[in-house]
Structure formats: structure tokens, C-alpha cells
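See below for the structure under consideration.
Proteins come first, then strands; the chains are lettered A, B, ... in the order of their sequence lines, and each starts at number 1. Since the model is a prediction, treat every value here as computed from it, not as a measurement.
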Protein chains: 2
Amino acid sequence: MATNEAPDIVVGRLPIYLRALTIMAEEGQEITSSQELSKKLGISSAQIRKDLSHFGEFGKQGTGYEIAYLRDQLKRILHVERTWPVALVGYGDLGTALANYAGFAPKGFEIVAVFDSAQDKVGQQIAGKEVLDLTEFPAVVRERDIKVAIVAVPSSAAQEVAGILVESGIKAILNYAPINISVPAEVQVQYIDPAAHLQHMTYYLE
Amino acid sequence: MATNEAPDIVVGRLPIYLRALTIMAEEGQEITSSQELSKKLGISSAQIRKDLSHFGEFGKQGTGYEIAYLRDQLKRILHVERTWPVALVGYGDLGTALANYAGFAPKGFEIVAVFDSAQDKVGQQIAGKEVLDLTEFPAVVRERDIKVAIVAVPSSAAQEVAGILVESGIKAILNYAPINISVPAEVQVQYIDPAAHLQHMTYYLE
DNA sequence: TAGATTGTTAATCGATTAACAATC
DNA sequence: TAGATTGTTAATCGATTAACAATC
């Protein structure tokens with residue numbers, strides 16, 4: 001009994017399920033079960049079944065889930081049956097690593113444009129792309145209909161950059177700057193802050 | 001009324017609070033309130049007060065929180081009043097970015113050793129450190145009493161590397177490989193998977 | 001068929017919110 | 001004092017788990 005609105009916390013687990021299914025598929029496995037996924041992911045089998053039930057019925061009683069089928073369904077649900085063009089802002093060490101990162105393409109994302117405001121960086125080549133001046137951001141994003149952007153600039157510039165992205169029509173922002181940015185409610189934001197994760201863990205140490 | 005055991009989800013928010021307080025302190029602000037933090041972070045003021053109440057009483061009725069004091073208390077609770085030496089495994093693009101990342105030091109972490117198993121990488125210099133052979137990992141970690149490690153190797157190597165880390169006495173692992181690793185229960189693991197965050201957001205797009 | 005596993009319901013568990021006495 | 005804000009309690013809300021009928 002698939003409903004139309006799934007809790008955000010459930011949506012956040014779908015990429016984890018998709019990741020596991022993709023790995024199993026690559027290993028040639030064809031069938032799995034909520035129990036096997038549970039063991040691999042450390043998430044209870046009941047929760048996995050409940051999570052999936054928000055979106056439809058994908059398994060067979062007594063058998064489990066056909067991996068290729070469930071993987072395709074999750075891709076469809078997450079809207080990554082397509083490839084999303086992504087704009088990257090910030091061409092420092094992190095930006096360079098992200099521009100070279102091979103892990104985006106198989107997950108449905110391709111960095112198609114890199115921006116920085118430092119004039120000595122503008123014009124450089126990275127992974128087959130030219131680094132563009134940030135002032136060109138709105139035009140490029142509109143022209144190429146880019147909806148997703150990654151922010152890899154210093155914290156001090158993050159809010160200003162976020163404003164430019166939103167005004168240019170960006171709808172999803174992955175923010176690597178360790179600072180909260182404020183955007184309109186209809187714009188998605190996710191944060192990546194490695195130091196915060198480390199602090200979360202050191203709480204339990206010693 | 002501070003208790004001894006706080007929910008993990010609460011612990012996970014403390015670094016966010018600490019981050020905000022640190023920024024305010026840098027801006028010269030001396031006092032804040034749960035209401036102001038709420039507005040900055042998009043977390044309800046009641047939740048902020050409740051979260052903090054797990055660890056003690058840090059505020060003054062009618063006034064709010066002294067920023068420097070609360071910041072120091074959160075550092076103490078998260079065990080980052082000290083600096084943790086960190087071992088980084090994997091010297092690719094991502095490893096390079098992490099080794100150069102200036103954001104760890106002010107948060108209580110310092111990458112003191114970089115490891116890779118590729119012989120053409122071993123011996124290179126990065127941010128004042130020499131890239132060491134992974135085979136030296138156990139000895140270095142024991143000698144320097146390193147408890148925290150960052151994994152920035154390909155997925156295919158992540159589980160094997162994790163095994164080496166655990167055997168060497170590592171107690172907290174920040175894993176950038178987009179794969180679940182299995183470790184003993186007493187070892188902390190956190191994951192960073194940018195593609196998963198992007199997929200979480202594209203669910204809501206279109 | 002017998003065995004296994006789904007999808008779903010109901011119960012439990014835990015987290016968030018609302019409200020307010022205490023008090024700075 | 002009057003105004004503001006904490007820390008905490010109780011209520012609400014939501015997520016997870018347990019259990020099992022359905023069924024492959």
C-alpha cells in the first residue's frame with residue numbers, strides 16, 4: 001500500500017539501500033531479502049520492509065527481492081534513473097577532489113561546470129572542464145538547466161554563494177562549508193562536515 | 001538535571017551547536033539564547049534546551065547562555081578540549097584534499113600520518129608529512145597512540161583497510177568509501193557519501 | 001506440500017514540542 | 001519590579017519493532 005508521502009528519514013535511507021543493491025548486482029547476485037540487507041547494513045529487516053512499503057510492493061513472499069528490479073525502482077523513486085548535471089562552486093583542494101571524483105557518475109550525477117571567483121583559477125582546466133568565473137554562474141546554470149550545486153568555498157563566502165545559487169534557480173545544494181546557510185524552504189540543503197562527524201565519535205572515546 | 005547517557009541523536013547535534021557558538025564567538029558575540037540558536041540552525045529552541053539539559057545546566061534564566069562558557073562545556077563533553085591525532089589512509093585526490101584541509105585543527109583534530117599502499121605514492125610529501133606504506137600502519141598507530149582514522153580508499157579496499165585499523169587499535173573511523181564496513185561494536189564508524197546526500201535531495205526535485 | 005519471506009497491523013519505544021514555574 | 005529565558009514536566013507526535021496472515 002504505497003502512499004505518496006514518505007518521512008524524510010525514510011527517504012534518507014533509500015540511497016543506502018540502493019548502494020547495497022548496486023554492489024550486490026555488480027557481484028552477480030540476483031536475489032536478496034530484507035534479512036540479508038539487514039545484516040549488511042545494520043538496519044532491522046522490519047524497518048527495511050516498512051521503509052520500502054511506503055513506495056510500493058517490490059518483493060515476493062517466500063523469495064525476497066529481485067535485486068535488479070528493486071534497484072531500478074529505487075532509482076526511479078530517487079529520480080536518478082537520469083543523470084543530473086551539477087555545478088561545483090569552489091576550486092580549491094576540495095573542489096579539485098570533487099571534480100575528479102569518479103563516484104558521482106554511477107550514482108546519477110555529473111559535474112558539468114566548475115566556478116571560482118579567484119582570477120588566477122579562472123581558465124584552468126580540470127577533468128575536461130574549464131574553471132569559469134563565478135559571475136557567469138547564473139547564465140550557465142540557466143542555459144544548461146542545472147538544478148543541483150555543490151558548495152566547496154570557505155565558510156566566509158558560503159552564504160553569499162548560496163544566495164547566488166538560489167537566485168539562479170538552483171534547487172538542491174550540497175554544502176561542504178562548515179556553516180549553516182539560509183535558503184528558501186523549497187530549496188533542499190544537505191551538509192557535509194567531517195569535523196562534526198569526528199566530534200560525534202570522540203564523544204564516545206576515552 | 002544532567003544524566004549520564006544521552007541519546008546518540010542528541011550527541012550528533014552537539015557539534016552543530018558547537019560550530020554555531022564558535023562562529024558567534026569569533027564575531028565577538030558574548031551572549032546567546034536558545035531562541036537565537038534556533039533561528040540560526042533551524043532547530044526548535046525547546047529541542048536545543050532539552051538537548052543541553054542532558055549534560056548539565058549551562059544557562060541563566062532571563063539572560064541565555066554565555067557563549068564562551070557553553071562552547072567550552074561542549075568541547076569538554078565532546079572530548080575536543082584536546083587535539084586528537086588522526087591517521088589518514090588513502091592518498092588519492094580526496095586524501096590530498098583532506099591532508100590539506102585547514103578545518104580539522106580548530107575542531108580538535110590533526111592529521112599526523114598519511115598512508116597508502118601504492119609504492120609510487122609512498123615517500124611523497126604532503127602538508128609537511130611523509131606518505132607511509134600501509135604496512136607501517138599498526139606500528140605508527142601504536143607508537144603515537146592514535147585512536148581516530150579517516151578512510152579515503154576505493155570501496156574495494158575499504159573493508160580490508162578497516163580490518164587493519166581495528167586490529168591496530170583504532171576506535172573511531174570516518175569512512176569516505178561508499179560502502180558499509182563491518183567492525184566490532186565498540187568501534188565508532190561514521191560515513192560520508194556525497195552521492196547519497198545528492199540522491200536524498202533529488203527525491204524532492206521535479 | 002513445507003519452508004521462507006513479504007507487507008502490514010498493532011504495540012512499543014523514543015524523540016519532539018508545548019507549556020510553565022523558577023528565577024535571573 | 002517587569003521582562004525574558006532557562007530547565008523540566010507532561011503531552012504529543014512519529015519512528016521502530018514485533019508479530020503474523022498471506023502467499024510465493
Check the distance between [N]'s [atom2] and [X]'s [atom1] and give it to me in whole angstrom.
X     : N      : atom1 : atom2 : value
B:E57 : D:dT5  : CD    : P     : 18 Å
A:D51 : D:dT16 : CG    : C1'   : 10 Å
A:D8  : D:dA15 : CG    : P     : 9 Å
A:I48 : C:dG7  : CD1   : P     : 12 Å
A:E5  : D:dG14 : CD    : P     : 11 Å
B:E36 : D:dT6  : CD    : C1'   : 15 Å
B:I9  : C:dC13 : CD1   : C1'   : 14 Å
B:K39 : D:dT5  : NZ    : C1'   : 17 Å

Set of ring pair (Phe, Tyr, Trp, His ring centres under 6.0 Å) partners for A:Y101, sequence neighbours left out: A:F104

Contacts of type ring pair (Phe, Tyr, Trp, His ring centres under 6.0 Å), residue A:Y91, not counting sequence neighbours: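 Result, ring pair (Phe, Tyr, Trp, His ring centres under 6.0 Å) vs A:Y91: none returned.
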
In residues 18-27 of chain A, which residues come under 4.0 Å of DNA chain C by heavy atom? none

With sequence neighbours excluded, tell me which residues meet side chain to side chain contact (heavy atoms under 4.5 Å, CB included) with [X].
X      : value
B:E206 : A:R82, A:W84
B:K60  : B:T63
A:Q190 : A:L174, B:H197, B:H200, B:M201

Would you call B:Q199 and A:L18 a side-chain contact if the rule is heavy atoms closer than 4.5 Å?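 Contact flag for B:Q199/A:L18 side chains = yes.
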
Test: ring pair (Phe, Tyr, Trp, His ring centres under 6.0 Å). Region: residues 151-184 of chain B. Which pairs qualify, not counting sequence neighbours? none

Base-paired stems that DNA chain C participates in, counting runs of 3 or more Watson-Crick or G-U pairs under 3.5 Å: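 DNA chain C stems, ordered by first number: C:3-24 with D:3-24.
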
Each nucleotide of nucleotides 17-24 of chain D classed B (base within 4.0 Å of a protein heavy atom), S (only sugar-phosphate) or -, in 5' to 3' order, makes BBB--BBB

Parallel, tilted or perpendicular for B:H79 and A:Y203, by the 30°/60° rule? parallel

Mind checking what makes salt bridge (Lys or Arg N to Asp or Glu O under 4.0 Å) contact with A:D51, not counting sequence neighbours? A:R13

So does B:K39 have more than 12 non-hydrogen atoms from other groups sitting under 6.0 Å from NZ? no

For residues 18-29 of chain A, which residue pairs pass the salt bridge (charged side-chain N to carboxylate O under 4.0 Å, His left out) check, not counting sequence neighbours?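 Only A:R19-B:D193 qualify under salt bridge (charged side-chain N to carboxylate O under 4.0 Å, His left out).
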
If the cut-off is 4.0 Å, is A:S34 near the phosphate of C:dT6, judged by side-chain N/O to OP1 or OP2?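 For C:dT6, OP1 or OP2 has a side-chain N or O of A:S34 closer than 4.0 Å.
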
Given D:dA4, is OP1 or OP2 found less than 4.0 Å from the side-chain N or O atoms of B:Y65? no

Can you list, pair by pair, the side-chain donor-acceptor contacts under 3.5 Å of residues 132-154 of chain A, counting residues two or more places apart and other chains?
from: A:D133; atom 1: OD1; to: A:T135; atom 2: N; distance (Å): 2.8
from: A:D133; atom 1: OD1; to: A:T135; atom 2: OG1; distance (Å): 2.8
from: A:D133; atom 1: OD2; to: A:Q119; atom 2: NE2; distance (Å): 2.6
from: A:R142; atom 1: NH2; to: A:E167; atom 2: O; distance (Å): 2.8
from: A:D145; atom 1: OD1; to: A:K147; atom 2: NZ; distance (Å): 3.4

Across the strands shown, which category fits A:S45 at heavy-atom distances under 4.0 angstrom: base, sugar-phosphate, nothing?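 Nothing, no nucleic acid heavy atom in range.
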
Looking at D:dA15, D:dT6, C:dT5, which one has an atom nearest to any side-chain atom of A:S33? C:dT5

